[in-house]
*Asks:* 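What follows is a single structure, and I will ask about it in a moment.
Residue numbers start from 1 in every chain, and the chains themselves are labelled A, B, ... in the order their sequence lines are given, proteins ahead of strands.
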Number of protein chains: 2
Amino acid sequence: MSHVRYSCLMPVDRDHVLRTAAALLTRKSTATMDEVAKAAGISRATLHRHFAGRDALVRALEALGIAECEAALDAARPDEGPASDAVRRLVREIEPSAGLLAFLYTENQLFEAEQQNAGWTRIDDRIAALFRRGQATGEFRIDLTPAWLTEALYGLLASGAWAVLEGRVAPRDFTHMIVELMLGGALRREES
Amino acid sequence: MSHVRYSCLMPVDRDHVLRTAAALLTRKSTATMDEVAKAAGISRATLHRHFAGRDALVRALEALGIAECEAALDAARPDEGPASDAVRRLVREIEPSAGLLAFLYTENQLFEAEQQNAGWTRIDDRIAALFRRGQATGEFRIDLTPAWLTEALYGLLASGAWAVLEGRVAPRDFTHMIVELMLGGALRREES
DNA sequence: CCTGTATGAGACATCAATGTCTCACGTGCG
DNA sequence: CGCACGTGAGACATTGATGTCTCATACAGG
């Protein structure tokens, strides 16, 4: 794994293919292998050489999404300082992956009875733990369960990604919109 | 259109088929016509007699979703009283349709360049107007745009519907969880 | 220069879902 | 009773995506 072999005109960059596929599937979750290949600038044959099939591609995207989520969680230091600041850091870190997350979030509805990737459970637990910590310190209200807050955060990330995609929200406002709604809600606060 | 003809054992109830389909597609958005027919307790042939194809079925579901949303908006009286109470009424009224809405919300990602049903625009406008009214009266903060609040409400409704479906949230808490997060956010309020 | 390797293009079979059709059955109605 | 109507079951062709294959090409390295 130390030396990479470059051979032809364009030595297919697995990571580039995955990111292109993620961007496409975020917009059109039913895109065909042919469309994914064209979007990545490679032929369908080559795409199929690197990912055995559509399933394998989605699984690879899932693995990428999990990896990015965990990296975001690590970078957000969810155990340090006020929980609200940690939530803000988390959303900021996770923003670049929001589109991919939105795709996987809806795609996961397909994983019905099957065992879902253990990575998601780990991420769910870490995020729920953050909200639980905030409740323990008195920062967060306790009538909203950590599980729901976690789920809601996913939903808002997906909504935010789509809203930006369709031009209903400015990209630069993404983090602010999500964090402020998530933490403060729509009601105007009495100056505290 | 005044008298209905009953003919055979089970005179297919169009509304029943639609609601069964909605419930199924909420759980498995890729269900086939065969699965939809089985879920509704009719044969694929009969299903196809009532809905020309999958497209027609989805369109019918869209029309149903729009109708239920508008009915919920009417019942919620969005122009009366405090805007926050109106939001609460709206979520309560829309709760039974949340599953269908969640399906349509993700399905709409497919309506890429096509003209989306004008009904959604009308609903978007009415909900956005409610948030705008709340901002005008000083109830709602003004740094979150009405368009984003509307989008976020859709996202939370979908998240809530799925969370209930998977048992992560108790059905009876649905409205409370959504309204409280939407309006108040996760932060604990200073006693106001 | 020659070989190895990965690609692009395209042909091909396969499979699942769809849409269409026919036919037999059972019920309501005349 | 007999007719009309809607249904269920199943056969059938069609379509679109998928997975597999072959072959020509182009570059890298020896």
*Asks:* Under 4.0 Å: is that the gap between some side-chain N or O of A:T46 and OP1 or OP2 of C:dG8?
*Replies:* yes

*Asks:* Is a salt bridge present between B:R88 and B:E180, judged by a nitrogen-to-oxygen distance below 4.0 Å?
*Replies:* yes

*Asks:* Could you tell me whether A:R89 and A:E80 make a salt bridge, using a distance below 4.0 angstrom between a side-chain N and a carboxylate O?
*Replies:* no

*Asks:* Could you give the CE-to-P distance, from A:M33 to C:dG10, as a whole number of Å?
*Replies:* 19 Å

*Asks:* Rounded to whole Å, please give me the gap between CG in A:L57 and C1' in D:dA17.
*Replies:* 14 Å

*Asks:* Round to a whole Å and report the spacing from NE2 of B:H48 to P of D:dC12.
*Replies:* 19 Å

*Asks:* Any idea which of C:dT18, D:dT20, C:dG8 is nearest the A:R44 side chain?
*Replies:* D:dT20

*Asks:* Looking at A:R59 and A:D55, is any side-chain nitrogen of the basic one under 4.0 Å from a carboxylate oxygen of the acidic one?
*Replies:* no

*Asks:* So, B:D74 and B:R126, do they make that salt bridge, N to O below 4.0 Å?
*Replies:* yes

*Asks:* Would you call A:R19 and A:E68 a salt bridge, taking side-chain N to carboxylate O under 4.0 Å as the test?
*Replies:* yes

*Asks:* In whole angstrom, what separates A:L47's CG from C:dA9's C1'?
*Replies:* 15 Å

*Asks:* Expressed as a whole number of angstroms, how long is the span from B:D13:CG to D:dT7:C1'?
*Replies:* 15 Å

*Asks:* Considering only C:dC21, D:dT18, D:dG19, which nucleotide approaches the side chain of B:A45 most closely?
*Replies:* C:dC21

*Asks:* Does B:R54 reach a base, just sugar-phosphate, or nothing at all? Heavy atoms under 4.0 Å.
*Replies:* sugar-phosphate

*Asks:* If I take atom CG in residue B:D34 and atom P in nucleotide C:dG19, what distance separates them, rounded to the nearest angstrom?
*Replies:* 13 Å

*Asks:* Answer yes or no: side-chain N or O of A:R49 and base N or O of D:dG19 forming a donor-acceptor pair under 3.5 Å.
*Replies:* no

*Asks:* Rounded to the Å, how far apart are B:K38 NZ and C:dT18 P?
*Replies:* 12 Å

*Asks:* Phosphate oxygens OP1/OP2 of C:dT7: is one of them under 4.0 Å from a side-chain N or O of A:H50?
*Replies:* yes

*Asks:* Expressed as a whole number of angstroms, how long is the span from B:K28:NZ to C:dA17:P?
*Replies:* 8 Å

